[in-house]
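Everything below concerns the one structure shown next.
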Amino acid sequence: MADADPLLILPSMPSGTLSGTAALEQLLEGLNPAQREAVLHPEGPLLILAGAGSGKTRVLTHRLAHLVYSGLPPERILAITFTNRAAREMADRVRALLGDAGWGLPWLSTFHSACARILRSCAERVGLTQSFSIYDQTDSRRLIKDLLEEEGYDPRRFPESRIQGEISAAKNRLLDAAGYRARGVEGELEEVVSRVFARYEPALLRANAVDFDDLLLHVVRLLERDDRLRDHYSRLFLHVLVDEYQDTNPVQYRLLQLLMEGRPGPRNLAVVGDDAQSIYAFRGADVRNILGFERDFPEAKVVKLEQNYRSTQLILEAANGLIVHNRRALKKRLWSDLGEGEPVYLIGLEDDRREAYYVAEELERFLEEGGSLSEAAVFYRTHALSRTFEEAFTRLGIPYRLVGALRFFERAEVKDVLAYLRLLVNPWDRLAFARAVAAPRRGVGEATVAKLGELAVLHGRSPLDLAGEAQRLEGLSGKPARGLEAFATLLRSLQERRSGGMPVAELITAVIAESGLGQALREEGVEGEARLENLDQLVGVARDRERELAGERLSLEGFLQQVSLSEGEGEEGLPEGAVTLTTLHNAKGTEFPLVFIVGLEEGLLPHFNCRGEEEVEEERRLLYVGITRAMRRLYLTYAFSRFRFGKRREDQLPSRFLEELPRGVVVDPQLDGVGVGRTQTSSFAIGERVAHDLFGPGTVCGFEGEGVVRVRFEDGAVRTLLLEYAKLRRL
DNA sequence: ACTAGCGACATTTTT
DNA sequence: TGTCGCTAGT
């Protein structure tokens with residue numbers, strides 16, 4: 001049977017490798033029984049419920065290595081991670097496990113990268129060419145805004161971000177424009193969404209472009225439509241592994257289903273996840289995928305990893321105590337034998353600046369104790385919070401690395417240059433055309449671009465193509481027309497060099513020099529200098545990529561794809577021995593001996609925009625993720641006054657989650673020195689609602705030692721009260 | 001067509 | 001705080 005399909009013939013093990021048993025023993029060394037079970041599970045579906053810090057990555061990488069050692073060709077194993085960073089990390093670790101025996105590596109990538117790769121190979125079948133562009137969220141919004149205006153709607157009444165969110169959510173639920181409408185349209189907003197959606201899809205196709213959602217959706221539709229193609233991929237991937245399964249959305253779920261359908265043998269799908277760490281519902285992720293795995297795959301083997309190897313007990317107890325406040329959870333309780341460790345430090349500060357300086361002080365203390373800055377991290381809910389810390393750290397000379405914030409590839413000048421490159425690859429890319437032609441200004445304005453766009457649609461030619469003969473076109477003349485032609489000439493000349501095999505880095509240099517962008521920036525003074533440096537960096541990135549390929553040529557398409565999927569964002573260039581500053585979302589999958597979670601206030605965590613219990617539960621999980629990153633020492637901080645929206649807010653209250661932390665685990669060292677649980681001796685907890693005979697209702701917001709409590713009342717004032725005299729009632 | 005200057009307004013979180 | 005969009009002026 002197998003010989004009917006050449007893809008199913010398994011090659012024998014390459015010679016000259018370790019003998020099977022020796023390699024196996026090495027691979028299993030140091031794994032606990034549950035981990036071994038997960039690594040060794042031979043065939044059929046596998047659900048690994050892996051609590052935080054339970055050695056999940058270890059299990060995944062060892063399982064991958066084990067599959068390869070058992071003779072499976074690596075290129076027939078697909079391993080999906082949630083971020084490119086995770087994919088890189090895993091690739092490194094698998095490579096280390098496999099040694100230099102000349103094995104290849106499995107397909108290790110995100111859903112998006114994997115689908116981009118698949119889609120490249122059969123783009124024509126969905127009406128795209130192989131060199132389609134990938135639109136990020138900003139691009140997609142811009143396009144939607146154009147369409148909104150074309151439809152005569154006011155983008156202020158119907159914000160494009162809102163519309164984009166709705167469309168994306170629909171796509172994540174496998175709905176196209178027709179499906180969205182068919183589902184029933186209620187209210188004005190949905191009507192607008194429906195109309196724009198119907199125009200958005202063809203607009204993308206005309207631009208020979210896809211958005212992030214399309215990468216997956218196109219592939220799913222293709223596999224649904226075409227049995228042969230589906231069989232090809234479902235037979236190609238003998239084993240599929242998915243990390244962070246709790247964060248998969250319906251499209252991703254469908255994709256996995258399709259890959260499991262129609263295969264001759266067992267359904268070799270191994271998923272790893274933790275429902276307590278599901279923090280991407282806002283992006284369409286559906287925890288039910290992991291909760292329902294056993295229903296979908298009744299023959300599934302389930303392995304629970306509950307021993308935590310990362311954190312000391314008190315930290316874990318804080319995490320456990322917090323997460324039980326969520327209603328829906330798979331039963332599992334993390335434990336650790338790393339000893340009780342230090343309590344969790346809960347610190348309230350006067351304002352955000354003091355919060356930053358407090359963190360800095362404690363960092364210095366950590367250094368004096370022999371720690372290093374690279375072992376420490378600061379987590380916050382929103383990027384906006386990073387600034388105060390950056391300022392404080394800069395002033396104090398503490399090196400830091402900022403992860404994920406205003407991304408390099410999203411800077412205006414970088415996007416300008418990328419627009420040129422995108423246009424070289426895909427002349428139909430309407431957004432790239434509009435961007436490049438306007439950077440720098442060359443006498444071609446918005447009106448001209450719009451006009452040209454219309455003509456392009458009318459003639460069925462690309463905007464770039466038409467630009468070359470602008471002076472002959474109706475309605476175009478003078479400076480705009482000459483500008484367009486000059487632009488077209490420039491691109492033709494770049495195009496020639498590109499087809500002549502000019503390396504990407506040199507091509508970028510040429511764009512900067514010949515477009516006039518470099519010139520324009522040089523004339524801009526200090527800020528322009530900084531931007532020019534960014535462009536130099538872009539050249540550097542391309543050079544690095546080229547070097548990584550070691551001899552193989554980096555294609556412009558490949559470079560652009562990496563950039564669009566944020567793959568290029570390496571850790572290179574970031575200082576070693578620096579504190580990590582990052583969002584709680586970005587913290588997932590990391591661990592640090594010393595962790596600060598800052599800005600733990602109502603409105604920040606949970607965030608204002610959270611309405612309803614479901615969303616609050618997701619915020620709680622977010623804090624849970626943060627807490628479980630900490631190995632040895634954890635600080636939770638909040639401030640009563642914070643600079644936000646350009647104004648100082650004096651009425652910040654500690655997050656409700658803080659009061660949910662179990663008593664006896666948390667301590668406030670500013671108040672009562674050492675001693676677990678002392679904070680709670682006042683019998684009130686931070687965040688608790690109380691009433692005072694004179695001042696009325698208020699919220700406990702801090703302590704000043706034994707029997708002294710600080711309460712913020714509804715008139716906004718914070719009063720320090722002696723419990724002995726003030727008859728506070730619990731509300 | 002384009003720029004400077006001004007006021008309004010915003011912030012989740014990511015592939 | 002910083003970005004974005006609008007207006008008026010060149």
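The figures here come from the full heavy-atom set of this structure, side chains too, leaving out hydrogens, waters and symmetry mates. Computed from a prediction, not measured in an experiment: that's the story for all the values here. Naming: A, B, ... by sequence-line order, numbering from 1 per chain.
Distances shown here put every side-chain N or O of A:Thr83 at or beyond 4.0 Å from the OP1 or OP2 atom of B:dT14. Side-chain nitrogen and oxygen atoms of A:Asn586 include none within less than 4.0 Å of the OP1 or OP2 phosphate oxygen of B:dT13. Residue A:Thr448 has a polar side-chain atom (N or O) positioned under 4.0 Å from OP1 or OP2 of B:dA1. Within the structure, every side-chain polar atom (N or O) of A:His585 is placed at least 4.0 Å from both OP1 and OP2 of B:dT15. At least one side-chain nitrogen or oxygen of A:Lys145 sits closer than 4.0 Å to the OP1 or OP2 atom of C:dG5.
Between A:Asp139 and A:Arg422 there is a salt bridge, since at least one side-chain N of the basic residue sits less than 4.0 Å from a carboxylate O of the acidic one. With salt bridges taken as basic N to acidic carboxylate O contacts below 4.0 Å, none links A:Arg353 and A:Glu391.
Below 30°, between 30° and 60°, or above 60°: for A:Phe393 and A:Tyr400 the angle between ring planes is between 30° and 60°, a tilted geometry.
Here the P atom of nucleotide B:dT15 and the CG atom of A:Asp243 are 14 Å apart, to the nearest Å. A:Gln137 has its CD atom 10 Å from the P atom of B:dT13, to the nearest Å. As a whole-Å value, the separation of A:Arg387 CZ from B:dA10 P is 18 Å. A:Ile80 places its CD1 atom 15 Å from the P atom of B:dT15, with the value rounded to the nearest Å. A straight line from OH of A:Tyr380 to P of B:dT13 spans 10 Å, rounded to a whole angstrom. C:dG2 atom P lies 8 Å from atom CD of A:Glu391, rounded to whole Å. B:dT15 atom P lies 19 Å from atom CG of A:Leu255, rounded to whole Å. Remark: P of B:dT11 and CG of A:Asn609 are 9 Å apart, rounded to the nearest angstrom.
A:Glu355 and A:Thr637 are linked by a side-chain donor-acceptor pair at a separation below 3.5 angstrom, with hydrogens and angles left out of the test.
Backbone-only contact: A:Phe82 has heavy atoms under 4.0 Å from sugar-phosphate atoms and none from a base.
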Evaluate the salt bridge (charged side-chain N to carboxylate O under 4.0 Å, His left out) criterion for residues A:Lys415 and A:Asp136: first the C-alpha distance (whole Å), next the side-chain angles of each, then the deciding distance (0.1 Å), finally the verdict.
CA-CA 11 Å; A:Lys415 287 202 97 172; A:Asp136 68 13; 3.3 Å; yes
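A distance of about 22 Å separates the C1' atoms of B:dT11 and C:dC6, rounded to the whole Å.
For the pair A:Phe282 and A:Arg441, both in contact range of DNA chain B, the more 5′-proximal nearest nucleotide belongs to A:Arg441. Looking at which nucleotide of DNA chain B each of A:Thr382 and A:Arg442 is closest to, the 5′-most match is held by A:Arg442.
For A:Thr583, the side-chain atoms get nearest to B:dT13 when compared with the rest of B:dT15, B:dT13, B:dT11. Closest to the side chain of A:Phe643, from the set B:dT15, C:dT1, B:dT11, is C:dT1.
Under the stacking definition used here (centres under 5.5 Å, planes under 30°), the residue A:Tyr280 fails to qualify as stacked on the base of B:dT13.
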